[in-house]
Amino acid sequence: MGETMVTTKINGRETRVPIDTTALEAARSIGVEIPTLCYHPALVPYGACRLCLVEVKRPGHGGGRIVTSCTFHIREEGLEIDTHSERAQRDRKLVVELLLARCPNVELLQRLGKDLGIDKPRFTAQKQDENCILCGLCVRVCEELIGQSAISFTGRGPGREVSTPFLEPSEACIGCGACAFVCPTHAIEVQDLLQLRKLDKWGTSLQQRPCVRCGKFFAPEVELEKLSDRLELVKNWLQLCPECRREVAATDWIVGLRASPASPVRRG
Amino acid sequence: MDLTKVDEVVERNGADPSMLIAVLQEVQVEYNFLPKDALRRVACLLNIPPSRVYSVANFYRAFSLVPRGRHLIQICLGTACHVRGSDRILEQIERTLSVRAGGTTADQEFSLETVNCLGACALGPVVVLDGEYHGRMTVSKVESVLKPVRAAAAAANPAGGSAATGAPGQEADK
């Protein structure tokens with residue numbers, strides 16, 4: 001509560017935000033939408049996709065500066081941020097054109113391109129089947145949230161890609177599928193083939209745990225072990241698949257209600 | 001494989017994640033390249049995920065993940081060297097040693113690498129052989145620069161020296 005607040009103007013509208021708020025968060029907090037691909041509120045901003053470009057002006061200091069709003073922290077009074085200025089939009093359009101040249105068949109990019117008025121990208125695509133835009137969300141979620149660091153960027157320049165160490169099936173991968181979940185372009189596939197959880201992109205193939213109640217395989221053993229360690233959950237709970245967990249919880253609750261006449265529901 | 005050298009390097013530099021690049025450089029000096037097991041050991045000792053170590057080792061041109069020859073030839077193809085005909089010198093080295101840029105000779109004597117600038121443009125075209133700079137290179141000087149090293153290699157290993165001398169294009173071109 002004792003946070004220092006700064007006033008900033010976003011698209012002409014004055015707003016007060018805590019100091020150090022990023023321009024992207026500030027804009028979103030007042031309902032101004034800025035397109036992003038590599039941003040995730042649970043992860044450290046990375047500034048890789050360059051889609052969130054905005055123009056920042058310091059009054060009395062001449063023309064504005066183009067910055068990535070996800071990594072631009074508002075640390076002073078009176079900044080003027082224009083999220084959709086002519087320059088920002090022009091640069092954003094170029095970024096999408098370049099991304100389309102890399103991944104021509106990714107629907108999300110095609111839609112973004114259409115929104116920005118790109119009829120036909122100026123650059124020809126090298127590969128038709130590429131769908132990784134190198135936003136790094138998968139790498140970051142694996143490192144920052146899951147804590148496994150099973151994958152990383154490798155190579156450099158045009159050879160840059162995401163892969164497991166030594167291009168071998170990663171020992172660190174627990175098959176949680178967080179990478180596939182955060183991927184904006186669906187470049188990572190998770191398959192559940194009965195007792196196996198497979199992530200072919202990382203060469204992962206893991207034994208799944210069957211639900212003790214219905215027998216359905218629901219998650220890799222290693223992932224569940226990791227989860228029970230990290231979240232201090234009751235291990236028994238993780239013997240059940242999510243559906244059975246819900247059912248058991250519901251019956252327990254109903255049974256519990258009937259058993260105790262002094263339950264708050266009855267009294268109310 | 002003997003990984004005690006990795007342990008020694010880490011001990012010298014301290015088991016600090018920020019020393020990763022320095023450690024990798026020294027490990028490469030020890031083994032002439034970065035073996036997979038050595039990288040895993042470094043990751044373990046410095047407490048860095050193997051994926052990060054691989055990422056760093058993979059990023060820098062100075063690191064090699066495949067075995068390199070006993071001698072390293074670097075030829076500069078930067079702008080200044082390029083305009084003075086470094087591409088022809090590269091071809092001459094490739095022909096003389098029967099090796100492609102980025103490759104290693106069959107007898108594991110020479111690795112040939114191209115670099116983009118060595119910061120010695122005034123000396124261009126520049127060829128570096130085992131850290132020794134040879135400036136104002138010409139196609140005809142290639143032989144004399146390589147000769148001492150090849151002779152030493154042939155003397156040390158008379159049987160294995162044949163691959164380097166068996167350059168097919170060498171005689172035909174003259």
Side-chain angles (χ1 to χ4, degrees), chain A residues 38 43-44 46 48 132-180 182-183 187-188 199-204 206 222-223 226 229-230, chain B residues 1 3 6 10 15-21 23-25 27-28 31-68 74 76-79 82 100-103 113-118:
Chain A
C38 75
L43 300 170
V44 179
Y46 197 53
C132 171
I133 55 162
L134 301 173
C135 68
L137 275 174
C138 53
V139 176
R140 287 179 288 143
V141 79
C142 192
E143 182 181 346
E144 291 176 33
L145 288 187
I146 309 300
Q148 288 305 104
S149 296
I151 47 175
S152 62
F153 279 115
T154 58
R156 179 164 41 110
R160 189 165 159 93
E161 56 179 65
V162 177
S163 74
T164 53
F166 312 105
L167 308 175
E168 291 170 353
S170 172
E171 290 156 22
C173 180
I174 57 170
C176 66
C179 49
V182 293
C183 180
I188 306 164
L199 280 90
D200 285 341
K201 203 171 163 83
W202 319 134
T204 299
L206 295 166
V222 274
E223 181 195 351
K226 203 91 201 168
D229 287 353
R230 289 259 307 274
Chain B
M1 116 172 258
L3 293 175
V6 177
V10 172
D16 177 355
S18 67
M19 295 308 288
L20 176 61
I21 290 177
V23 167
L24 291 182
Q25 280 174 324
V27 169
Q28 177 157 293
Y31 295 95
N32 214 6
F33 75 110
L34 293 173
K36 196 196 299 175
D37 292 339
L39 289 177
R40 288 197 189 281
R41 183 95 187 134
V42 168
C44 174
L45 292 172
L46 296 190
N47 201 14
I48 305 174
S51 60
R52 166 69 56 82
V53 174
Y54 179 69
S55 179
V56 170
N58 214 280
F59 183 85
Y60 295 99
R61 271 287 280 279
F63 294 133
S64 172
L65 293 169
V66 291
R68 291 203 281 196
Q74 290 167 308
C76 181
L77 297 183
T79 313
H82 171 76
R100 286 250 163 246
E113 271 178 13
T114 62
V115 293
N116 292 325
C117 187
L118 291 157

[X] versus chain B, heavy atoms under 4.5 Å apart: side chain, backbone, both or neither?
X	result
Ser170(A)	neither
Thr164(A)	backbone
Glu168(A)	side chain

* To do: Validate the cation-pi geometry between Arg156(A) and Phe59(B): distance from NZ or CZ to the six-membered ring centre under 6.0 Å, angle to the ring axis within 45°.
  => yes
* Gln28(B) side chain to Ser64(B) main-chain N or O, any donor-acceptor pair under 3.5 Å? -> yes
* Asked: How close do Ser152(A) and Ser51(B) get, heavy atom to heavy atom, and via which atoms?
  -> OG-O, 2.8 Å
* **Max heavy-atom pair count under 4.5 Å with chain A, selected residue of Asn58(B), Val56(B), Leu39(B)** => Asn58(B)
* Evaluation steps, salt bridge (charged side-chain N to carboxylate O under 4.0 Å, His left out), between Glu113(B) and Arg61(B) -> CA-CA 10 Å; Glu113(B) 271 178 13; Arg61(B) 271 287 280 279; 5.7 Å; no
